[in-house]
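Hydrogens, waters and symmetry mates play no part in the numbers below; they use all other heavy atoms, side chains included. Here the structure is a predicted model, which is why all the values come from computation and not from measurement. By convention in this document, chain letters (A, B, ...) are assigned in the order of the sequence lines, proteins followed by strands, and residues within each chain are numbered from 1.
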Amino acid sequence: MNPFTYIREQVIAMVGSLADDGVLPAGLDLSNLAVEAPRDSSHGDVATNAALVLTKQAGMKPRDIAAALAERLAGLGEVAAAEIAGPGFINLRLSAEFWRARLGDVLRSGIAYGDSQMAAGEKINIEYVSANPTGPLHIGHVRGAVYGDALANLLAKVGYTVCKEYYINDAGAQVDVLARSLHLRYREALGEAIGDIPEGLYPGDYLVPAGQAMADRDGDKWLGLAEADWLAEFRRFAVSAMMDLVRGDLASLGIEQQVFFSEDSLHSDGGIDSALAALQKKDLIYTGILEPPKGKTPDDWEPRPQTLFKASQFGDDVDRPLQKSDGSWTYFAADIAYHHNKVERGYRQMVDVWGADHGGYIKRMKAAVRALSDDQANLDVRLCQMVRLLRGGQVVRMSKRAGNFVTLRELVDEVGRDVVRFMMLTRKNDAPLDFDFDVAMEQSKDNPVFYVQYAHARIRSVLRRVAEELPELPREPENLAGADLNRLTDSAEMELIKQLASWPRAVEIAALAREPHRIAFYLNELASAFHALWNKGNAEPQLRFIIVEDRDLTQARLALIQGVAFVLASGLAIMGVEPVEAM
RNA sequence: GCGCCCGUAGCUCAGCUGGAUAGAGCACCGGACUUCUAAUCCGGAUGUCGCAGGUUCGAAUCCUGCCGGGCGCGCCA
């Protein structure tokens with residue numbers, strides 16, 4: 001149960017009953033009525049702005065409404081106290097029994113605690129990574145990969161049926177370059193001395209095994225042929241080899257997408273034609289001449305008639321070209337077809353995760369989706385800002401030219417999957433992030449991964465310990481749910497329970513904002529509250545979890561910490577991080 | 001020139017889609033260990049929320065205009 005949602009329902013019911021009794025007018029708009037946790041916990045457990053929201057509609061003073069409402073709310077079994085504060089807030093203190101019952105919810109649900117029906121039955125498509133298939137993934141791809149994957153988990157947690165997708169940019173000139181680079185490696189594998197890799201081809205050794213594989217499969221059958229005769233096959237082979245690399249890289253981060261969609265297939269299977277035909281039918285395509293961008297005209301600018309999409313009718317600044325001067329389709333045309341395909345597969349909710357340098361592309365893509373779906377489908381584009389690597393306090397410099405880009409694999413091999421994933425989620429996606437190797441490897445509270453993991457490990461440690469000291473004490477979650485939770489009375493224990501109870505709300509808020517980093521912040525706070533209680537036990541031995549001479553108390557406290565472990569694991573699961581048993 | 005993102009404590013950043021006296025961590029000072037893992041915890045102070053208006057019971061949050069920073073701006077993907 002989400003306590004805030006529950007209390008909100010109660011408040012709304014009470015407003016209804018006041019209306020029935022003629023105290024308030026009927027038919028009030030309650031959509032802005034909020035029930036939230038007050039910033040200052042001394043104000044109570046939950047607060048509502050009901051009286052403030054209704055004052056204008058009801059034509060009454062806020063404090064008068066609050067007085068009437070507070071009186072009724074005080075009659076609820078869950079409510080221990082109702083007070084009016086400030087301009088007309090109603091602060092509610094909920095009963096200890098109500099909170100303890102929430103701990104029971106946690107223990108019965110386990111990892112599934114916090115699952116929500118908010119988006120039950122809705123399909124959503126999320127596309128992320130979509131790196132060009134020209135080599136292994138590097139540091140620049142990691143953030144989008146982790147963010148997209150965690151967001152997918154988060155959306156699934158609130159009930160969406162999620163499809164995780166990767167768009168393979170296997171159509172452009174860069175793939176020809178890749179194919180030629182592979183051809184060179186193929187000749188090399190057949191014993192030819194190729195010397196230095198020529199300018200303009202990909203020099204990376206990751207193509208060496210692919211060249212060897214080509215040679216092993218086909219022998220010398222491609223030697224001595226004109227490029228036109230081998231190019232297509234080398235493109236296919238190279239893209240397939242690179243995508244195997246990419247999938248391996250993603251797997252090292254625990255990422256597995258269901259759909260890998262080929263851009264090239266849109267060219268060859270008529271996907272572009274049918275998408276553009278659909279737009280044509282709506283009269284959204286025409287031939288025209290674009291104005292040069294003001295203030296920054298490219299040197300080689302010349303006015304040219306182009307096939308344009310009327311993006312400006314759907315919120316974009318200008319209409320956008322679909323065809324290059326040589327008659328081939330622009331990247332945008334193919335991307336329209338790709339999103340058309342998603343719409344045709346039934347998606348009304350789509351998320352694209354892009355690097356921040358693609359921000360200028362958002363309006364036209366959203367415009368295209370609106371046009372294609374007659375405004376029935378929504379595309380949400382989330383941008384990921386740059387990651388800066390720090391080592392020894394210094395920025396790790398990288399350049400494509402020098403070929404010293406840190407690969408995803410190197411990063412994962414050095415610090416581990418869980419650390420990479422957690423660290424990438426410690427900032428809002430659209431804020432720049434520093435990834436500090438020194439912090440990532442540190443075993444202290446400065447390292448948030450460590451700090452949260454340590455809390456989980458400590459709990460597991462206590463559970464192992466109690467198995468030795470009180471072997472016959474039932475400690476399975478289902479038994480703990482039946483423990484006498486009334487034995488939990490210390491303020492630090494109650495605080496911890498309240499924090500657990502706010503987990504379902506934290507999940508929903510994070511999902512609405514599509515910001516999985518909020519989960520990381522929540523977990524840090526939960527871990528902090530747990531560590532505090534632990535240390536309180538050091539100072540006051542009667543507060544320790546295991547009290548050998550009081551089995552009921554011990555069981556109640558095991559219930560509490562098992563609840564904490566469940567919620568930690570539940571949050572880590574969204575982030576794609578394994579909870580550890582010991583450290 | 002235009003569009004998007006950002007500007008919160010000395011530093012790094014949160015801020016629950018408009019709530020009460022704006023919060024954490026780091027750094028600095030002082031405390032807690034024959035511990036269920038001190039790899040932790042407790043206490044101590046700091047703000048023109050970039051600036052100026054507006055919207056309303058109420059603004060860091062929404063709107064407008066400036067200032068400052070990042071990214072992007074036809075035939076790259």
Student: Under 4.0 Å, heavy atoms only, any strand: does Gly537(A) hit a base, just the sugar-phosphate, or nothing?
Tutor: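 Contact class for Gly537(A): base.
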Student: Indicate, with a heavy-atom threshold strictly under 4.0 Å, whether Ala34(A) touches base, sugar-phosphate, or nothing.
Tutor: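 Counting heavy atoms under 4.0 Å across all strands, no contact is made by Ala34(A).
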Student: State the pairing partner of A39(B); accept Watson-Crick or G-U wobble contacts with both distances under 3.5 Å, and report none otherwise.
Tutor: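 For A39(B), the partner nucleotide comes out as none, under the 3.5 Å rule.
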Student: Just compare C41(B), G74(B), A39(B) and give me whichever is closest to any side-chain atom of Asn535(A).
Tutor: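 For the Asn535(A) side chain, the nearest candidate turns out to be C41(B).
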Student: Side-chain N or O of Lys56(A) versus OP1/OP2 of C57(B): is the shortest distance under 4.0 Å?
Tutor: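 Looking at the OP1 and OP2 atoms of C57(B), one of them is under 4.0 Å from a side-chain N or O of Lys56(A).
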Student: Return the value, rounded to whole Å, for the distance between atom NE2 of His456(A) and atom P of U37(B).
Tutor: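 After rounding, the gap between these two atoms is 15 Å.
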Student: Which sits closer to the 5' end of RNA chain B, Leu433(A) or Glu469(A), going by the nucleotide each is nearest to?
Tutor: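 Final value for this comparison: Leu433(A).
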Student: Nearest whole Å is fine: how far is G74(B) C1' from Asp326(A) CG?
Tutor: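 Taking CG of Asp326(A) and C1' of G74(B), I get 13 Å after rounding.
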Student: What is the nucleic acid contact for Gln453(A), judged by heavy atoms within less than 4.0 Å: base, sugar-phosphate only, or nothing?
Tutor: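 Counting heavy atoms under 4.0 Å across all strands, no contact is made by Gln453(A).
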Student: Does NZ or CZ of Arg382(A) fall inside the cone over Trp354(A)'s six-membered ring, less than 6.0 Å from its centre and within 45° of the axis?
Tutor: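 Cation-pi check for Arg382(A) and Trp354(A): fails.
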Student: Examine distances only and state if a side-chain atom of Asp264(A) and a backbone atom of Ala171(A) form a donor-acceptor pair shorter than 3.5 Å.
Tutor: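 Between the backbone of Ala171(A) and the side chain of Asp264(A) there is no qualifying donor-acceptor contact (under 3.5 Å).
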Student: With heavy atoms under 4.0 Å as the rule, sort Asp446(A) into base, sugar-phosphate or nothing.
Tutor: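 Sugar-phosphate: the residue Asp446(A), judged by heavy atoms under 4.0 Å, touches backbone atoms but no base.
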Student: Considering Watson-Crick and G-U wobble pairs with both distances under 3.5 Å, what does C62(B) pair with?
Tutor: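 By the stated definition (distances under 3.5 Å), G54(B) pairs with C62(B).
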Student: Classify Ala171(A) by what it touches in the nucleic acid, base, sugar-phosphate, or nothing, heavy-atom distance under 4.0 Å.
Tutor: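 Nothing, no heavy atom under 4.0 Å.
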Student: Does any nucleotide pair with G72(B) by Watson-Crick or G-U wobble geometry, both distances under 3.5 Å, and what is it?
Tutor: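 Matched G72(B) with C2(B) under the 3.5 Å cut-off.
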Student: Counting the atoms with a prime plus P, OP1 and OP2 as sugar-phosphate, which does Ala457(A) contact under 4.0 Å by heavy atoms, base, sugar-phosphate, or nothing?
Tutor: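 It contacts base atoms.
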Student: When you get a sec, tell me which of G19(B), C76(B), G3(B) is the closest nucleotide to the side chain of Lys363(A)?
Tutor: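 Within the option list, the nearest is G3(B).
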Student: Heavy atoms only, 4.0 Å cut-off, all strands: where does Ala85(A) land among base, sugar-phosphate and nothing?
Tutor: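 Base, at least one base atom sits under 4.0 Å.
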Student: Roughly how many Å is it from CH2 in Trp354(A) to C1' in C76(B), rounded to a whole number?
Tutor: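 It works out to 15 Å between those atoms.
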Student: Who does C28(B) pair with, Watson-Crick or G-U, both distances under 3.5 Å?
Tutor: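 C28(B) is paired, partner G44(B).
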Student: Within 45° of the six-membered ring axis of Phe437(A) and under 6.0 Å from that ring's centre, is NZ or CZ of Arg391(A) located there?
Tutor: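 Yes - Arg391(A) lies over the ring of Phe437(A), closer than 6.0 Å to its centre and within 45° of its axis.
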Student: State which of G19(B), A77(B), C5(B) makes the closest approach to the side chain of Tyr361(A).
Tutor: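 Looking only at side-chain atoms, Tyr361(A) lies closest to A77(B).
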Student: Using a 4.0 Å heavy-atom cut-off across all strands, classify Met583(A) as base, sugar-phosphate, or nothing.
Tutor: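 Base contact.
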Student: Let me know, please, whether Arg464(A) or Thr55(A) comes out on the 5' side of the other along RNA chain B by nearest nucleotide.
Tutor: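 Looking at RNA chain B, the more 5' nearest nucleotide goes with Arg464(A).
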Student: Can you tell me, in whole Å, how much space there is between the P of U64(B) and that of A9(B)?
Tutor: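 Each nucleotide's P atom is 25 Å from the other's.
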Student: Return the nearest nucleotide to the side chain of His517(A); candidates are A14(B), C42(B), A20(B).
Tutor: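 In terms of side-chain proximity for His517(A), the closest of A14(B), C42(B), A20(B) is A14(B).
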Student: By centroid distance (under 5.5 Å) and plane angle (under 30°), are Phe521(A) and A14(B) in a stacked arrangement?
Tutor: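 A stacking contact does not exist, since Phe521(A) is not both close and nearly parallel to the base ring of A14(B).
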Student: Just to be sure I understand the rule, does Leu290(A) reach a base, reach only the sugar-phosphate, or reach nothing, if contact means heavy atoms closer than 4.0 Å?
Tutor: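 Answer is nothing: Leu290(A) stays at 4.0 Å or more from every strand.
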Student: What distance do Gln306(A) atom CD and Thr330(A) atom OG1 have between them, rounded to the nearest 0.5 Å?
Tutor: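 Atom-to-atom, Gln306(A):CD and Thr330(A):OG1 are 9.0 Å apart.
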Student: Are any of Lys536(A)'s side-chain N or O atoms less than 4.0 Å away from OP1 or OP2 of C33(B)?
Tutor: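 No.
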Student: Could you work out the separation of U17(B) and U21(B) based on their C1' atoms and round it to a whole Å?
Tutor: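 Their C1' atoms lie roughly 23 Å apart.
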Student: Could you tell me whether the side-chain ring of His43(A) sits stacked on the base of A20(B), using a centroid cut-off under 5.5 Å and a plane angle under 30°?
Tutor: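 One would call His43(A) stacked on the A20(B) base.
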Student: If we call it a pair only when both distances are under 3.5 Å in a Watson-Crick or G-U wobble match, what pairs with G7(B)?
Tutor: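 Looking at the geometry, G7(B) pairs with C67(B).
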Student: Within the structure provided, determine whether Phe450(A) and Glu442(A) are in side-chain contact (heavy-atom separation under 4.5 Å).
Tutor: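 They are not in contact (no side-chain heavy atoms under 4.5 Å apart), so the answer is no.
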Student: Taking the side chain of Lys445(A) as heavy atoms from C-beta outward, which of U40(B), U12(B), C36(B) is closest to it?
Tutor: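 Shortest atom-to-atom distance from the side chain points to U40(B).
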Student: Taking the side chain of Gln443(A) as heavy atoms from C-beta outward, which of A39(B), A20(B), A77(B) is closest to it?
Tutor: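 Per side-chain heavy atoms of Gln443(A), the pick is A39(B).
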Student: For C36(B), does either OP1 or OP2 sit under 4.0 Å from a side-chain N or O belonging to Ser461(A)?
Tutor: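 No.
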Student: Of the options G19(B), A14(B), U37(B), whose atoms approach the side-chain atoms of Arg465(A) most closely?
Tutor: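 Nearest listed nucleotide: U37(B).
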Student: So Arg304(A) and Ile289(A), do their side chains get closer than 4.5 Å, heavy atoms only?
Tutor: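 Result no, sub-4.5 Å side-chain heavy-atom pair not found.
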Student: With a non-hydrogen cut-off below 4.0 angstrom, is Arg505(A) in contact with a base, only sugar-phosphate, or nothing?
Tutor: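 Base: the residue Arg505(A), judged by heavy atoms under 4.0 Å, touches a nucleobase.
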Student: Can a side chain N or O of Arg518(A) be found less than 4.0 Å away from OP1 or OP2 on G15(B)?
Tutor: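 For Arg518(A), the contact criterion (side-chain N or O under 4.0 Å from OP1 or OP2 of G15(B)) is met.
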Student: Look at the side chain of Gln306(A) and decide which nucleotide, out of U17(B), C26(B), G74(B), has an atom nearest to it.
Tutor: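 The answer is G74(B), which lies nearest to the side chain.
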Student: Checking the side chain of Arg464(A) only, and the main-chain atoms of Glu581(A) only, is there a donor and an acceptor separated by less than 3.5 Å?
Tutor: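 Confirmed, Arg464(A) side chain pairs with Glu581(A) backbone.
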Student: What nucleotide, of G15(B), A77(B), U37(B), holds the atom closest to the side chain of Ala582(A)?
Tutor: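 Nearest to the side-chain atoms of Ala582(A), counting from C-beta on, is U37(B).
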Student: For a quick check of understanding: with a heavy-atom distance under 4.0 Å over all strands, which category does Pro321(A) fall into, base, sugar-phosphate or nothing?
Tutor: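 The answer is sugar-phosphate, as Pro321(A) gets under 4.0 Å only of primed atoms, P, OP1 or OP2.
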Student: Side chain of Glu263(A) only, please: which of A77(B), U40(B), G3(B) is the nearest?
Tutor: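 So the nucleotide nearest the side chain must be A77(B).
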Student: Taking Asp430(A) for the side chain and Leu383(A) for the main chain, is one N or O donor matched with an acceptor at less than 3.5 Å?
Tutor: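 Here the side-chain-to-backbone pair does not exist.
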Student: Within the structure shown, what part of the strands sits under 4.0 Å from Asn49(A) by heavy-atom distance: base, sugar-phosphate, or nothing?
Tutor: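 Here Asn49(A) touches the bases of the nucleic acid.
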Student: For nucleotides G1(B) and C26(B), find the distance between their P atoms and express it as a whole number of Å.
Tutor: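 G1(B) and C26(B) have their P atoms separated by 44 Å.
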Student: How is Asp170(A) classified with respect to the nucleic acid when contacts are heavy atoms under 4.0 Å: base, sugar-phosphate, or nothing?
Tutor: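 Result for Asp170(A) = nothing.
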Student: Can a side-chain donor-acceptor contact be found between Asp319(A) and Tyr286(A) if the only test is distance below 3.5 angstrom?
Tutor: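 Present: a donor and an acceptor within the cut-off.
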Student: With a cut-off of less than 4.0 Å, is there a side-chain N or O of Tyr451(A) near OP1 or OP2 of A24(B)?
Tutor: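 For A24(B), neither OP1 nor OP2 has a side-chain N or O of Tyr451(A) closer than 4.0 Å.
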Student: Looking for any heavy atom pair under 4.0 Å, which part of the strands does Gln174(A) touch: base, sugar-phosphate only, or nothing?
Tutor: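 Sugar-phosphate contact only - Gln174(A) comes under 4.0 Å of backbone atoms but never of a base.
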Student: Ring of Phe89(A) versus six-membered ring of A20(B): centres under 5.5 Å and planes under 30°?
Tutor: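 Taking the rule of under 5.5 Å and under 30°, the ring of Phe89(A) does stack on A20(B).
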